[in-house]
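In what follows, a structure is listed as structure tokens, so that the remarks can point back to it.
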Amino acid sequence: MTKIIVAKFGGSSMADAVAMKRSAGVALEHKANLVTVSATYGTTNNLIKLSNTALTSEWKDCELIVNEIVEKHHSIAHDLEITDLTQLDKLLSEVKTISKGINLLKDCSPKAFDAIQSLGERMSSLLFARALEISWEGKKAVENFDIRKVLRTDDQFGKAQPIIEDIKSLCNKHLSKCKSGEVIYVTQGFIGQSEDGFTTTLGRGGSDYSAALIAEGLGADTLQIWTDVAGIATTDPRIVSEAKLMSEITFSEAAELATFGAKILHPTTLTPALRGGISVYVGSSYEPHATGTWIKTECSDAPLIRAMAIKKDQSLLTISTPKMLHSHGFLFEIFKVFNQHKVSIDSVTTSEISVSVTVDDSALLNKKLISELETLATVKVEENLCLVSLIGNNINHTAGLAGQIFNALGDINVRMICLGASKHNFCFLVSDARAHEAVKKLHTHFIGE
Ligand code: ADP
Ligand code: ASP
Ligand code: MG
């Protein structure tokens with residue numbers, strides 16, 4: 001039986017017509033049945049900037065950003081020799097209309113914000129379908145498919161949750177032609193649709209997650225994530241230039257890396273892949289013949305420290321009250337507040353009368369969260385922190401590891417430590433200003449130059 005392959009190309013693989021044609025060649029050579037794409041490089045950021053400018057500034061400031069988006073997409077269309085711009089211009093005028101609406105009302109609802117952000121992927125998929133047609137020279141039919149017909153989500157705009165069973169049946173209903181290789185679909189990452197028909201997004205970097213959900217829905221054999229680095233490295237090569245590429249990593253290690261900040265994968269990407277028994281490969285669309293990284297259930301080795309990651313923009317909330325002393329149910333009351341506000345906690349430590357948790361800085365925008373916590377206890381907030389994680393194996397059963405870590409860190413102050421819950425992770429908080437230095441020191445000690 002032929003294998004079903006879903007390939008995802010990120011923003012840098014969609015940077016311009018040259019990158020698109022190169023990526024199309026990779027999809028052809030690697031036998032993709034369905035391709036999921038991100039917006040062209042920088043476009044999601046630009047759409048977000050446009051919405052923020054529309055909220056606060058005059059239309060002429062917005063117009064500059066709209067024009068930049070129009071020029072970029074027209075220039076790629078021109079280089080791909082697209083002569084009929086009707087479809088692209090329809091999407092570009094949607095960018096203008098929604099931003100004009102935001103500007104007139106000085107109001108950007110989460111629904112409007114998702115609608116405008118979705119246009120990045122809707123435009124890039126249109127252009128990429130053309131790049132595929134050029135590369136494939138008519139050997140196969142190429143169809144730009146609107147993934148909102150399949151990727152059903154709830155209505156939490158900005159971080160919509162997929163409805164897995166619906167996605168599976170809709171994949172069967174709409175996309176099964178690609179299984180036989182009759183047609184290759186080009187679809188949009190990052191976006192979905194709520195049950196009542198509104199466009200949603202899965203959160204920044206969500207195209208990886210979309211591709212994994214579609215791969216699961218199709219019962220695919222392999223998910224290929226094509227990006228701008230030739231696989232998963234021991235840490236972000238932008239922070240440590242000596243970072244080494246790894247040919248394999250386990251699902252558990254890769255999931256910890258992604259959850260604890262490694263941008264290479266959206267944190268939830270591996271969940272559908274694991275559920276669906278799908279092999280995952282990460283490679284570079286710029287160097288498609290480099291080894292890349294396979295994510296596996298088991299690897300040939302299980303090093304104590306395989307990799308490290310940084311999660312930026314973290315805040316530490318220390319919630320204290322003498323009422324905690326010898327009482328029960330207090331943590332439950334506190335976590336209930338986080339649950340009600342749908343705020344996710346990354347790490348926790350407790351003492352006799354206080355509990356400290358780390359959250360993304362964005363959680364602090366929700367003033368109600370803090371004021372509700374303050375009805376239970378005093379709350380101290382510390383900002384500008386980073387969570388540094390070491391990821392590997394048997395971490396919670398290895399004598400002397402903490403000593404090695406603190407020796408390597410030297411005079412960098414550690415604000416909070418989390419050790420023990422996972423055999424794959426040791427993480428701690430440091431100030432934003434010293435986070436890169438901390439990772440460099442740990443990388444030199446555990447991985448080497
Ligand atoms: P895409 O647009 O293809 O989704 P991203 O920018 O989201 O690409 O992710 C790729 C980037 O992830 C790399 O350029 C690199 O800077 C960063 N990164 C972070 N941690 C790692 C890691 N451990 N290995 C490789 N890249 C990493
Ligand atoms: N375009 C979206 C973003 O920049 C989704 C993605 O690229 O994965 O966040
Ligand atoms: Mg990404």
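In each ligand, atom 1 is the first atom listed, and ligand 1 is the first ligand listed. Keep in mind it's a predicted model, so treat the numbers as computed, not measured.
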Pairs under 3.5 Å, N/O atoms on ligand 1 and on the protein: can you put them in a table with the distances?
residue	atom	partner	partner atom	Å
ligand 1	2 (O)	G11	N	3.1
ligand 1	3 (O)	T227	OG1	2.7
ligand 1	4 (O)	K8	NZ	3.0
ligand 1	6 (O)	K263	NZ	2.9
ligand 1	8 (O)	T227	OG1	3.1
ligand 1	12 (O)	I264	N	3.4
ligand 1	14 (O)	D228	OD1	2.9
ligand 1	14 (O)	D228	OD2	3.2
ligand 1	14 (O)	R238	NH2	2.7
ligand 1	16 (O)	D236	OD1	2.8
ligand 1	16 (O)	R238	NE	2.9
ligand 1	23 (N)	A233	O	2.9
ligand 1	24 (N)	A233	N	2.8

For ligand 2, which of its N or O atoms have a protein N or O partner closer than 3.5 Å, and how long is each gap?
residue	atom	partner	partner atom	Å
ligand 2	1 (N)	T44	OG1	2.7
ligand 2	1 (N)	E121	OE2	2.6
ligand 2	4 (O)	T44	OG1	3.4
ligand 2	4 (O)	R204	NH2	3.0
ligand 2	7 (O)	S38	OG	2.9
ligand 2	8 (O)	G205	O	3.4
ligand 2	8 (O)	G206	N	3.4
ligand 2	8 (O)	S207	N	3.0
ligand 2	8 (O)	S207	OG	3.1
ligand 2	9 (O)	R204	NE	2.7
ligand 2	9 (O)	R204	NH2	3.4
ligand 2	9 (O)	G205	N	2.8

Distance-only side-chain donor-acceptor flag, D114 / T201, under 3.5 Å: yes
Under-4.0 Å salt bridge between R130 and D84: no
Donor + acceptor pair across side chains of E256, S422 (<3.5 Å): yes
Exercise: do Q314 and D361 side chains pair donor with acceptor under 3.5 Å: no
Pairs flagged by salt bridge (charged side-chain N to carboxylate O under 4.0 Å, His left out) wherever residues 197-212 is involved - sequence neighbours left out: K8-D208
Test side-chain contact (heavy atoms from CB on, under 4.5 Å) applied to K31 - qualifying residues, sequence neighbours left out: I5
Cationic N near anionic O, under 4.0 Å, R306 to D301: yes
K441/E437 ion pair, N-O < 4.0 Å: yes
Exam field: side chain Q188 to backbone I147, donor-acceptor pair closer than 3.5 Å: yes
